[in-house]
Protein chains: 2
Amino acid sequence: MINSRLAVAIHIMVLVASSPGAPLSSELMAGSVNTNPVVIRRISGMLRKAGLITSRAGITGSELTRDPADISLLDIFKAVEPKDELFAMHEKPNPNCPVGQNIQSTLDVTFHRAQTAMEKELANQSLKDIMNHLFK
Amino acid sequence: MINSRLAVAIHIMVLVASSPGAPLSSELMAGSVNTNPVVIRRISGMLRKAGLITSRAGITGSELTRDPADISLLDIFKAVEPKDELFAMHEKPNPNCPVGQNIQSTLDVTFHRAQTAMEKELANQSLKDIMNHLFK
DNA sequence: CCATTTGTCATTATTTTAGTTACCACTTCA
DNA sequence: TGAAGTGGTAACTAAAATAATGACAAATGG
């Protein structure tokens, strides 16, 4: 199972998008997510480094850098997921075995297809879509 | 990132499919995968419980229960992944917050779409496809 | 100057994953 | 029938990932 950072990050993005002009502190957002403010600041930091939001020390809250319709869930996923590969592979299969020798390159192709399919679906959903569903 | 059980399970399935009539012991398979025999037996047990292979105490090796062309990677994935949900979610978001109150049901839909896209791609690839690529 | 907030580091706790030891049950075969 | 070899499985350990938390410097605004 994949970690919950994407869920928390989307939650944060919705909060930021929902309160323009009246920014929420990390403590307030932590109250909504139900976690520690540092967790919020840490994930906000990833979103900021990915260019999705702005925030500065000393100033309460964050702001989106672009319209929610122009932010895909894949953008958010990439921001909070440092690993390129979705599936892990076993290390060092036996090179003296015909299967062990070639399994990695085969699985590379296979896993990449599955990952791409998933990412394509995330790319098709925007932050605005999430908000529409949420506030409907 | 998702654990490496799918990779190991596929490796095992290829080994089993590649040696009909001359079954490989868990120790031999462990040599190819480069892990401990118990890890092989543990994952083989999951594959057996899912009905993909047969194996019995005291008898060396395993056998497929059906043709490699009729075994999809999704079958294997489901066999070794006990969790239904691909993405984790944060627990207990604040029900007193309009966002926290509804985020889970929204993310359920979203995550389910992404997961389904991935699983569909895994369903489209068979063990035979893997072997064709591997032994080409 | 003072109170507040973010950014970030360091630490701890928890959970997951993988590796290993041990032992029982089963099969085969001498 | 008994020894040798094998899988099934529980229990334990080790390692890694994840999440939570405490602490504090730097920045901001009053």
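- Side-chain polar atoms of D129(A) and S126(A) form a donor-acceptor pair below 3.5 angstrom.
- With sequence neighbours excluded, no residue forms a side chain to side chain donor-acceptor pair (under 3.5 Å) with H112(B).
- Between R66(A) and the choices L127(A), I53(A), I71(A), the side chain to side chain contact (heavy atoms under 4.5 Å, CB included) rule is met once, by I71(A).
- Within a heavy-atom distance below 4.0 Å of DNA chain D, no residue of residues 92-105 of chain B is found.
- For the pair E91(B) CD and dT18(D) C1', the interatomic distance rounds to 13 Å; values are reported in whole Å.
- If you find the closest nucleotide of DNA chain D to G58(A) and to T60(B), the one lying nearer the 5' end belongs to T60(B).
- Of the possible polar contacts, none joining the T60(A) side chain to the P23(A) backbone as a donor-acceptor pair under 3.5 Å is found.
- With no hydrogens or angles considered, no side-chain donor-acceptor pair links T35(B) and H90(A) at under 3.5 Å.
- Between the CE atom of M46(B) and the C1' atom of dG7(D) there is a distance of 15 Å, given to the nearest Å.
- Put simply, CE on M29(A) is 17 Å from C1' on dA20(D), counting in whole angstrom units.
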Protein within reach of the bases, or only the backbone? For nucleotides 7-19 of chain C, mark each nucleotide 5' to 3' as B, S or -, using heavy atoms under 4.0 Å. BBBB-----SSSB
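- One can place NE2 of H90(B) at 13 Å from C1' of dA19(D), the figure rounded to the nearest angstrom.
- I43(A) places its CD1 atom 7 Å from the P atom of dA19(D), with the value rounded to the nearest Å.
- Protein atom CD1 of I40(B) is 16 Å distant from nucleotide atom P of dT21(C), rounded to whole Å.
- The distance from atom CE of M89(A) to atom P of dA16(D) is 19 Å, rounded to the nearest whole Å.
- For the pair T65(A) (side chain) and L52(A) (backbone), a donor-acceptor distance under 3.5 Å is present.
- At dT6(D), none of the side-chain N or O atoms of S25(B) fall inside 4.0 Å of OP1 or OP2 (strictly under the cut-off).
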Checking side-chain hydrogen bond (donor to acceptor under 3.5 Å, both in side chains) for the pair N102(B)/S105(B): CA distance, chi angles, key distance, verdict? CA-CA 6 Å; N102(B) 297 306; S105(B) 62; 5.0 Å; no
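- Between the E85(A) side chain and the F87(A) main chain, no donor and acceptor come within less than 3.5 Å of each other.
- Of the N and O atoms on the side chains of T110(B) and Q125(A), at least one donor lies less than 3.5 Å from an acceptor on the other residue.
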